[in-house]
Every structure is written in C-alpha cells, then in structure tokens.
Amino acid sequence: MIKTEEITRYMATEDFIDESAIEEALAGNKNPEPRRIKNILQKSLAIETLNLDETAALLNVQKEDLWDEIFLTAALVKKKVYDNRIVTFAPLYCSNYCVNNCAYCGFKSDNSIERKKLSFDEIREEAKVLAGEIGHKRLVTVYGEHPYSDVNYIAGTLETIYSVKVKTKNGFGQIRRVNVNCAPLSITDLKILKQSGIGTYQVFQETYHHQTYQKLHPASTIKGNYRWRLYCMHRALDAGIDDVGIGVLFGLYDWRFEVMGLVSHAHDLEKCYNGIGPHTVSIPRLEPAMNASCVSETNYKVTDEDFKRLAAVLRLSIPYAGMIITARESPEVRREIIPIGCTQTDASTRIGIGVYSKKYLNQEENRQQFLLGDTRSLDEVIAELARMGYITSFCTAGYRCGRTGDRIMELLRSGKEGEFCKLNAILTFREWLDDFASLQTKIVGEEIIAKEIKEAERRLPLLYPKLIEYYKKIESGQRDIYF
Ligand code: SAM
Ligand code: SF4
C-alpha cells in the first residue's frame, strides 16, 4: 500500500531529481579542460562527494588519455577506501509472484510463467546449501512484489536463514548477513525488517528519467509510482535501517543521465541524513528476458566501454560507497570493471526459485527473471580474484558491531574502516579456505593470506598479536571471531 504522506513529507514541490538541472549540467560542462579534470580527481582522492557539475565534466571527457587518468584515479580511490578487499555474496530468489508489469522483467504479471514462493522449510534447504556446501556468508534475498511476499514473509525468510547452522570440514557454516532486494516499503514495514536483522535494504530506481519510468512501469501498477520508489531509502533511514543500496538498470535510458540521477540521490540522502549516503550502488545492465522486447529495441544499450566509464565516474563521484557488479556480466567484463570500482560481486549465482537445493532444477528456465553472463562457482571466482591480488572478505562484523550509518561513513571517508576490515578479511578468508576451498584455490589463497598477514604485522603492530591469537583459534576450528 502506498502511503502518500510518506512521499510528500520528504518533498518540496518537486522531487530531488531535477531533470533540467541535470541536462543543464551535462550541456554546460562539455569539453572540460584537462586541468579542471585533474582538480576534480584530486577532490575524489580526498574522498569527497562530487557535485553535479563535476560529475558532468567527468562524463563529458572525450580524450582517451584523460579517460585513462580517470580509470587510474578510480582504482586509487577504490584502493584508498577498500584496499584489495572484495566481498562475495549470492542472490537467493524467494518468490516470483509479482503484481507489477515492468516491461523488461521476466517476472512481470503478463508473463504466464510458473510462479513459486518458497516455504520457510524450502528456504532453510536453500540456506543449508549456500552456507554449508558453497560457503557463502552473505546473501541478497530477492522477491517479486505481491501480497504473498509481504513484509511478514520477508521477515520470516530472514529469520529462517539466520537460524541455519551447518557442520563443515573444519567448523560450521552460517549466513551472517542477509541483504534484501524487494519492493519499496512503508516505514512501519521497514521497522519490521530492521527487527529481523536486515543487512542492506536494496531498491533500484531502474531509471531516474521520469518519462521513461512511466513508459516502462504501467501507471495502474504499484511500481508505476516513481516517487514511492524514489523516497524508499529516506523511509528506510527513518525506520532505522542505516545501510541502504541504490541502483539503476542501465540500458533503459541515457547512461550519463542515470549517473547524474544516482549522484543526485546520494546528495539528497547525505543532505537529509547527516552525511549518510548510499552504502552501496548497484550497476546492473539490462539483460534479455522473456517477452521483454524493450531489451532488444532499446536505443540506450550501454557498450562495454561506456560501462567501464560509468563505473569509474560513480567510483569517483560517490567515493565512499560500495559498488556491486553482478553475474549478469561476463567474466571478462567483471575482470575489467572490478579493479576500477567494484567492491562486491556475486558468485555461484543461480536465479531460479529453489535452484540451490536442486529441487526445482528442471524448471529453472521457466522461473528465471533474466539470463546470466557468469555462472562460475564461488571457488573459481575466489581463485581468480586471488590471482588478481584480491583477498575475498566474508566479514560481516560491521553491522553487527554497529559500524553502520554515519559511523561507517566517517570510517570510510577517513580510510580507517580498512584497518578492521583487513583483519576481519584475513580471519574470514582463513575460515573459508579451511572449510570450502578446492586444492587449487587453496594454493593461491594461502599465498595471498600470507602476504596480508605480513602486511598487518608491518602496518598494525598493536593489533597484530590479537590477529594471530584469533587466527590460531580459527585454524583450530573456532568460527565467527572478529574485530
Ligand atoms: N521486485 C522488486 C523490484 O522490482 O524492486 C525486487 C526484485 S527485482 C527481481 C530486482 C531487480 O532486477 C530489479 O530492480 C531490476 O533492476 C532487475 N531486473 C529486472 N529485469 C531485468 C533484466 N531484464 N535484466 C537485468 N536486470 C533486471
Ligand atoms: Fe516484479 Fe520487480 Fe520484476 Fe518488476 S522488476 S516485474 S516489480 S519482480
């Protein structure tokens, strides 16, 4: 149910997506001087959010050598805030019943696909495979919008997942953070999710362009209300959910406009919530889906080169935010994009309903929302990331220790968050290597962990003895120890 008062209370006369301001900034910052670009890059390096003119200037760069400098600086900013840590997760599709009719989505109500909502027992089976066999510690649960998957169901799925504990080779496996990707909710409902231990609340605006939004989401559906969606993160923060994730479905409208939309969203959140901006920004690209002719007919398809550019500009414009690239993308694209901006990626991904526990595997095709570009296992992805120099972090300590909202923003902006995170990355990666890694992955994993321990000894001498004490406990089978 849309509560109009929970939209209007946040607005002046118009919403914060000022299309003429965005168009003017894009038109007024054409052919930026190299010197100006260099100054903007310095501002990003100081981990300051860029304004719309600065973002537009980056988006308007034409010269290849300046783009190279942008990519390089994006990588430096990422390193400064997140170092060489990368977080992995898996999506868990819980229900594909949906009352909406989004033109691009396989779950739209017009599609006569087989619909399924997992029972809590079935959710438990899925969680057992994800936590006990694959080795995930983080999930994002995904739901269509429907009375069958209302907030009580969502809360029930979270409670069920958190209750699962599976014996592993050397200890036990458990999902420790569940992020939620569902419809925009009211403040009352969001408070229920807060109580259930939600990690990040994710809702993508899909497109910030009002007219395109109206074209793709019929006005007769709930999702047809642009502003109910636009202000759901404001409601989440008011409901006490500190970590909010925004995103755009790239390919529906001009990518430069959409980047400006995301940055405007970050600005409004920062303005209204004492500097708290988005915890994550997701950058899904439109993929083919059943009866979604808008996907093949779009005039706004984002090329791989432009995808790289938009990821880099977002990294620079909202420098503190985590950025999520998903298995919609091919392994090649992920390899290219992760170094310049992304901090989280999914692996072992399946997007059918009930597919992890394989009960419904034969019906997977029929229940898929869109097609995947990368179906490699978590083990394969982790090995590749390790070869690229990344340590996979399964750390979920942040939100359990209250490092969320303005506290996490402060730590991220000052680069201090990394100290705890690196130590927790070492500890959780040790757990994962001992419980789940194949022999080959173990070999590359051990190299990276040895290098990180050495670095911790040099950079954090005061915390180092504690790290070694915890590390030994984990080696002997204890689990879930963190700073
Ligand atoms: N039903 C909720 C909603 O729409 O917000 C949450 C679940 S929906 C399945 C999650 C996201 O999938 C959507 O926000 C959209 O960005 C993405 N999606 C839908 N169709 C897609 C497609 N054809 N290609 C890539 N992503 C798609
Ligand atoms: Fe339903 Fe979400 Fe798909 Fe739209 S994107 S049809 S709301 S599941």
Side-chain angles (χ1 to χ4, degrees), residues 2 91-113 115-117 139-151 153-154 157 179-185 189 193 198 200-208 212-213 215-218 220-226 228-233 236 244-253 258 261-262 280-298 300-302 307 324-330 333 346 349-353 367-374:
I2 291 175
L92 171 52
Y93 279 67
C94 298
S95 171
N96 64 359
Y97 284 96
C98 195
V99 294
N100 293 313
N101 213 7
C102 311
Y104 44 81
C105 178
F107 291 170
K108 65 176 153 188
S109 59
D110 269 1
N111 275 353
S112 52
I113 53 166
R115 305 277 169 177
K116 167 82 185 161
K117 167 180 123 168
L139 300 181
V140 57
T141 50
V142 186
Y143 316 78
E145 181 164 21
H146 196 277
Y148 289 174
S149 50
D150 64 3
V151 71
Y153 173 71
I154 298 175
T157 59
N179 301 330
V180 171
N181 187 318
C182 69
L185 299 173
D189 285 355
L193 288 193
I198 184 176
T200 307
Y201 175 55
Q202 279 185 3
V203 178
F204 309 151
Q205 187 61 26
E206 321 293 13
T207 171
Y208 284 97
T212 305
Y213 188 95
K215 211 171 72 195
L216 297 166
H217 308 101
S220 55
T221 60
I222 297 188
K223 193 151 167 181
N225 192 321
Y226 175 101
W228 178 242
R229 201 168 180 87
L230 191 66
Y231 285 101
C232 69
M233 295 312 168
V244 296
I246 62 175
V248 150
L249 184 49
F250 281 98
L252 299 177
Y253 189 62
E258 303 290 21
L262 285 165
T280 53
V281 176
S282 291
I283 53 171
R285 265 198 297 188
L286 200 53
E287 290 293 329
M290 184 179 170
N291 290 333
S293 55
C294 71
V295 176
S296 52
E297 288 162 10
T298 181
Y300 299 105
K301 196 171 174 341
V302 178
F307 192 55
I324 304 177
I325 186 164
T326 69
R328 290 173 180 85
E329 301 298 338
S330 67
V333 169
D346 52 343
T349 301
R350 300 285 175 273
I351 57 173
I353 312 277
R367 293 199 184 118
Q368 280 217 1
Q369 188 201 5
F370 49 80
L371 297 177
L372 289 172
D374 187 351

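Start at 1 and go down the list; that is how both ligands and their atoms are numbered. In this chain, numbering begins with 1 at the start of the sequence shown.
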Short version for K223: what comes under 4.0 Å of ligand 2, heavy atoms counted, is side chain
When you check the side-chain N and O atoms of T280 and Q202, is any donor under 3.5 Å from an acceptor? no
Per-atom filter on ligand 1: closer than 4.0 angstrom to a heavy atom of V142 are 7 (C), 9 (C)
Original post:
Quick one: does Y104's side chain get under 4.5 Å of H217's, heavy atoms only?
Top reply: yes
So for Q205 against ligand 1, with non-hydrogen atoms under 4.0 Å, the contacting part is neither
Going by the 4.0 angstrom heavy-atom rule, the piece of R285 near ligand 1 is backbone
Of S95, C102, A183, the one whose closest heavy atom lies nearest atom 6 (S) of ligand 2 is C102
At under 4.0 Å between heavy atoms, what of C105 touches ligand 1? The answer is both
Between L372 and R350, the two heavy atoms sitting closest are CD1-CA, 4.5 Å
Honestly, for N181 the part within reach of ligand 1 (heavy atoms, under 4.0 Å) is both
Ligand 2 to K108, heavy atom cutoff 4.0 Å, flagged ligand atoms 6 (S)
For R229, the atoms of ligand 1 under 4.0 Å from one of its heavy atoms are 3 (C), 4 (O), 5 (O), 14 (O)
Quiz question: by atom type and distance under 3.5 Å, do the side chains of E145 and N100 form a donor-acceptor pair? yes
Residues F307 and V302: closest non-hydrogen pair is N-CG1, 3.6 Å
Could you confirm whether C105 has any N/O/S atom lying under 2.8 Å from atom 3 (Fe) of ligand 2?
-> yes
Review point. Are side-chain N/O atoms of T157 and Y143 paired as donor and acceptor at under 3.5 Å?
Key: yes
Measure the acute angle between the ring planes of H146 and Y97, then classify it against the limits of 30° and 60° as parallel, tilted or perpendicular.
tilted
Within 4.0 Å of some non-hydrogen atom of E287, the atoms of ligand 1 are 22 (C), 23 (N), 24 (N), 25 (C)
Correct closest heavy-atom pair for I351 and T349 would be CG2-CG2, 4.0 Å
Margin query: Taking E329 first and then R285, would you say they form a salt bridge - that is, a charged N and a carboxylate O separated by under 4.0 Å?
Written below: yes
Looking only at heavy atoms, the pair that brings C232 and Y201 closest together is O-CE2, 4.0 Å
For Y143, the atoms of ligand 1 under 4.0 Å from one of its heavy atoms are 1 (N), 2 (C), 6 (C), 7 (C)
Quick note on ligand 2: atoms under 4.0 Å from a heavy atom of C98 include exactly 1 (Fe), 6 (S), 7 (S), 8 (S)
The answer for which part of C182 has a heavy atom under 4.0 Å from ligand 1 is backbone
Near A289 (heavy-atom distance under 4.0 Å), the atoms of ligand 1 are 23 (N)
Checking heavy atoms under 4.0 Å, the part of Y104 that sits near ligand 1 is both
